[in-house]
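This one's a predicted model, so the numbers in the text were calculated from it and none came from an experiment. Here is the naming used below: chain letters follow the sequence lines, and residue numbers restart at 1 for every chain.
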Amino acid sequence: MKMEEIRHSLSHILAYSVKELFPDAKFGIGPSIENGFYYDIEVELKEEDLGKIEKKMKEILKKNIVFKNKEVTKEEAREIFADQPYKLQLIEEIPEETVSIYTSGDFVDLCKGPHVKSTKEIDSKAFKLQKLAGAYWKGDEKNPMLTRIYGLAFESEDKLEEHLKMMEEAEKRDHRKLGKELDLFHTDEEVGIGLILWHPKGAMLWRIIEDFWFKKHLQSGYELVRTPHIGNRRLWERSGHWGFYSGSMYPPLEVGQSLEELNNKSEVKESEQFLLKPMNCPFHVSIYSNKPRSYRDLPFRWAETGTVYRFEKKGELSGLTRVRGFTQDDAHIICRKDQVEEELKRVIDFILYIYQAFGFKQESVNVYLSLRDPDNKTKYAGNDEGWDFSESILRKVAEEKGLNFKEEKGEAAFYGPKLDFKIKDVLGREWQCSTLQFDFNLPERFQMEFTNDKGEKEQPYMLHRALFGSFERFIGLLIEHYAGAFPFWLSPIQIKILPVGEGHREYAREVAEKLDNFRVKIDDNNETIGKKIREGEMEKVPYLLVVGDREKENGTISVRQRGKIDLGEMKIEEFLKNLEK
RNA sequence: GCCGAUGUAGUUCAGUGGUAGAACAUCCCCUUGGUAAGGGGAAGGUCGUGGGUCCGAUUCUCACCAUCGGCUCCA
């Protein structure tokens, strides 16, 4: 609580300093946040101004400014903030007759508090202005963009230093950095931004994960389907994507002629438009509707690692976590109403199993139940009855499964409520991975139906779900989670054999043959053994096997475990036994 | 898309108004090695792209592109 007061007070001092240095500045809001504070201000700043502002803040802090709280009438407040349009707007939004203001030195702010009594309580060495960013007023793109100044603040200088060190350490785990260092993937402007090119080791990692995924899906009663990358415009019009999702879709391909004909400007007789798929759902629906379905056939659980393309705005792209082409580990469950609960539970169990299998602790995953906005019922597909049922059953199942979830009103998709699982990256940003969603839109639009036990046509329930979310995003988070040092089963190279000299290459190959159940590589570069070990360690290979005269003689290997010391000489059989453990 | 920052060899980085350097990686030669870098040599850059200022620009300036941090949006 105290720290929050300090941080919040610092944001006022920040605003105070900006006002001194830039008298025309217009102030938005300035709260305390995790690890610090910010203030949104209409003022033009460059990063080099931060130093000036920080200096000013320290000057002000030294003056032992007292924070004085006062209730004033709205009329008075309007006068005080006459030249502050954003504050005036806030005043009007306050329901009460009076508003609370805080005065600190020559600076007055509309504010509920709480604050420290005086700047004496603030350690002027324990804060630091961090960075500038743009932020829309009230978080709305249509509003003007203010300049947000972020600051860090802690109890003491030591704590601040500690935090900065921690951030530095975290940056070393960044998947974009490790992706380069471990030679996993890259992007190329010439190929297209936001499109990932997976290198051999990255593709191997992907494949290991996909194999695991495939095996587990078969075990869990899923069937695989496979669908194209493009679909006719008519399909996307019918699904609603053409209308509602166009902001995130690549524009259509005109298909009425070849590229050659196009280049020759030949006349087009007939033309169709095709769109890159941003989602797999309509294709799966097409499979469903391909023949009449009986209540006896349900549920269908159809999974596909489907690569989709979304035209994300440039500024939103980021490493593997936000890209333009990505592969969802998608599945659709089409079932009867009486099967919904059971299916939801199965999916949640599956999701939890996946997190456990990849070492994500439940506390590092945040779960959100996204519900409809009760004040805006018109923007949603489906009827109230369906929504009430699905929202309450999602909640019930989430509770029964012991999920520690937050409910978020108005966060549902227009087509249905959902349960989202988000994982934090190394910089503390949350990324949606697993998701479990109801869909009232597609069954309606595609008139999906089955024949029930009374011989009547009935509309099935449709669930979308993804476990990883996308392979790209999940692998990005996985790289950070393990800091690139993957567990044995996930390592693209599991074992590297290092012959000491040229004379040991033959023996290295013999050893490799005995380990052919594993992903093994021989490093037969003409380098010293020290160098090979260094490279193997930097590559984060779980086991390095040194073979030289001694080992060749004794029919053994010398094992070195990643990050650790020499485990000593042993027979291959013994090494294999240890691996099993 | 918007606000801010960055952009020099494959990588990590120096550097300058007079057409660029280091380390590692690469290639060649020597070395035949014992648990985190053996030695020598060579090659490698239209200094993100395109305009402008200047006798001259990688350096100053403008525009664009990409990347990074935010905002908005999202798997």
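Residue A:Q432 places its side chain closer to B:rA75 than to any other of B:rG34, B:rC71, B:rA75. Minimum atom distance to the side chain of A:K314 is reached by B:rG1, of the listed B:rG69, B:rG1, B:rC74. Looking at the side chain of A:V323, the nearest of the listed nucleotides B:rA75, B:rU72, B:rG4 is B:rA75. The side chain of A:E502 lies closest to B:rG33, out of B:rC71, B:rG33, B:rU72. When the nucleotides B:rU12, B:rG34, B:rA37 are ranked by their closest atom to the side chain of A:I529, B:rG34 comes out on top. For A:Q328, taking side-chain heavy atoms from C-beta onward, the closest of the listed nucleotides B:rA37, B:rA5, B:rA75 is B:rA75. The side chain of A:K131 lies closest to B:rG70 when the candidates are B:rG70, B:rC65, B:rU32.
One donor-acceptor pair, N or O on each side, does fall under 3.5 Å between the base of B:rG1 and the side chain of A:Y136. A donor-acceptor contact under 3.5 Å is formed by the side chain of A:R322 with the base of B:rC74. Residue A:R560 places a side-chain atom within donor-acceptor reach of the base of B:rA36, judged by atom type and a 3.5 Å distance cut-off alone. Counting atom types as modelled, A:R310 pairs no side-chain N or O with a base atom of B:rC73 as donor and acceptor under 3.5 Å. Interface remark: the A:E316 side chain does not form any donor-acceptor pair with the B:rG70 base, using a distance-only criterion of under 3.5 Å. Counting atom types as modelled, A:D140 pairs no side-chain N or O with a base atom of B:rU72 as donor and acceptor under 3.5 Å. Residue side chain A:D549 does not reach the base of B:rG33 through any donor-acceptor N/O pair under 3.5 Å, judged by distance alone.
Residue contacts shown for A:S558 include a base, since a base heavy atom lies under 4.0 Å away. In this structure, A:E430 reaches neither bases nor backbone, as no heavy-atom distance under 4.0 Å exists between it and the strands shown. Using a 4.0 Å heavy-atom distance criterion, A:K532 is classed as making no nucleic acid contact. Within the nucleic acid shown, A:L45 comes within 4.0 Å of sugar-phosphate atoms alone, with no base atom in reach, counting heavy atoms only. Within 4.0 Å of A:R176, counting heavy atoms only, lie sugar-phosphate atoms of the nucleic acid but no base atom. Note on A:G476: nothing from the nucleic acid sits closer than 4.0 angstrom, heavy atoms only. Within the nucleic acid shown, A:G501 comes within 4.0 Å of at least one base atom, counting heavy atoms only. Using a 4.0 Å heavy-atom cutoff across all strands shown, A:L427 reaches sugar-phosphate atoms only and no base atom. Counting non-hydrogen atoms under 4.0 angstrom, A:G530 reaches the backbone sugars and phosphates but no base. If you check every strand for non-hydrogen atoms under 4.0 Å, A:E312 touches a base. Across all strands shown, A:T528 has heavy atoms under 4.0 Å from base atoms, whether or not it also approaches the sugar-phosphate. As judged by a 4.0 angstrom heavy-atom cut-off over every strand, A:D330 is placed among residues making no nucleic acid contact. Within the 4.0 angstrom heavy-atom criterion, only backbone atoms of the sugar-phosphate kind lie near A:K531; the bases stay farther away. Residue A:L317 is classed as a sugar-phosphate contact, given heavy-atom separations below 4.0 Å to backbone atoms only.
A stacking contact links A:F326 to B:rA75: the aromatic ring centre lies within less than 5.5 Å of the base's six-membered ring centre, and the planes differ by less than 30°.
Along RNA chain B, the nucleotide nearest A:K418 and the nucleotide nearest A:Y150 are compared for position; the residue whose nucleotide lies closer to the 5' end is A:Y150. Residues A:D174 and A:M538 both approach RNA chain B. Their nearest nucleotides, taken by heavy-atom distance, put A:M538 toward the 5′ side.
Rounded to whole Å, the P atom of B:rU19 lies 26 Å from the corresponding atom of B:rU6. As rounded to the nearest Å, B:rA25 and B:rA63 have C1' atoms that lie 36 Å from one another. Remark: the separation of the P atoms in B:rG48 and B:rA14 is 14 Å, to the nearest Å. Taking the P atom of each, B:rU58 and B:rG21 are spaced 15 Å apart, rounded to whole Å. When the P atom is used for both B:rA23 and B:rG41, the distance is 10 Å, rounded to whole Å. Rounded to a whole angstrom, the distance from the C1' atom of B:rA22 to that of B:rC30 is 24 Å. To the nearest whole angstrom, the two P atoms, one in B:rA42 and one in B:rC24, are 14 Å apart. To the nearest whole angstrom, the two C1' atoms, one in B:rA20 and one in B:rC13, are 14 Å apart.
Between A:K180 and the phosphate of B:rU12, there is a side-chain N or O to OP1/OP2 separation shorter than 4.0 Å.
Under a cutoff of 6.0 Å and an axis angle of 45°, A:K496 and A:Y543 do not form a cation-pi pair. For A:R176 and A:F185, the positive end is not near the middle of the six-membered ring at less than 6.0 Å and at most 45° from its axis. The cationic atom of A:K26 (NZ for Lys, CZ for Arg) does not lie both less than 6.0 Å from the six-membered ring centre of A:Y86 and within 45° of the ring axis. With A:Y380 as the aromatic partner, A:R372 does not meet the cation-pi criteria of under 6.0 angstrom to the ring centre and within 45 degrees of the ring axis.
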Query - Nucleotide-level pairing of RNA chain B, given in dot-bracket where Watson-Crick and G-U pairs need both distances under 3.5 Å and | marks other strands - result: (((((((..((((....[..)))).(((((.......))))).....(((((..]....))))))))))))....
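Note: CD (A:E539) to P (B:rU11) measures 18 Å, nearest angstrom. Between the OH atom of A:Y38 and the C1' atom of B:rG70 there is a distance of 11 Å, rounded to whole Å. Taking atom NZ on A:K177 and atom C1' on B:rG10, their separation rounds to 16 Å, with Å as the unit. Regarding A:E190, its CD atom lies at a distance of 14 Å from the C1' atom of B:rC65, rounded to whole Å. Distance CD (A:E527) to P (B:rU35): 16 Å, rounded to an integer number of Å. As a whole-Å value, the separation of A:E181 CD from B:rU12 P is 8 Å. The CD atom of A:E44 sits 13 Å away from the C1' atom of B:rC2 (whole-angstrom rounding). We find that CZ of A:R429 is positioned 9 Å from C1' of B:rG70, with the value rounded to whole Å.
Side-chain atoms of A:E551 come within 3.5 Å of backbone N or O of A:G548 as a donor-acceptor pair.
Under the 30°/60° scheme for interplanar angles, the aromatic rings of A:W206 and A:W198 are found to stand perpendicular.
When A:K540, A:M204, A:K521 are each tested for a side-chain contact (heavy atoms from CB on, under 4.5 Å) with A:I493, only one passes: A:K521. The side-chain contact (heavy atoms from CB on, under 4.5 Å) test with A:H481 is passed by exactly one of A:F486, A:F360, A:F474: A:F360.
No side-chain N or O of A:D439 forms a donor-acceptor pair with one of A:N441 less than 3.5 Å apart.
Note that NZ of A:K277 is 7.0 Å distant from OG1 of A:T307, once rounded to the nearest 0.5 Å.
Aromatic ring centroids of A:Y250 and A:F311 lie under 6.0 Å apart. The aromatic ring centroids of A:H217 and A:F350 lie less than 6.0 Å from each other.
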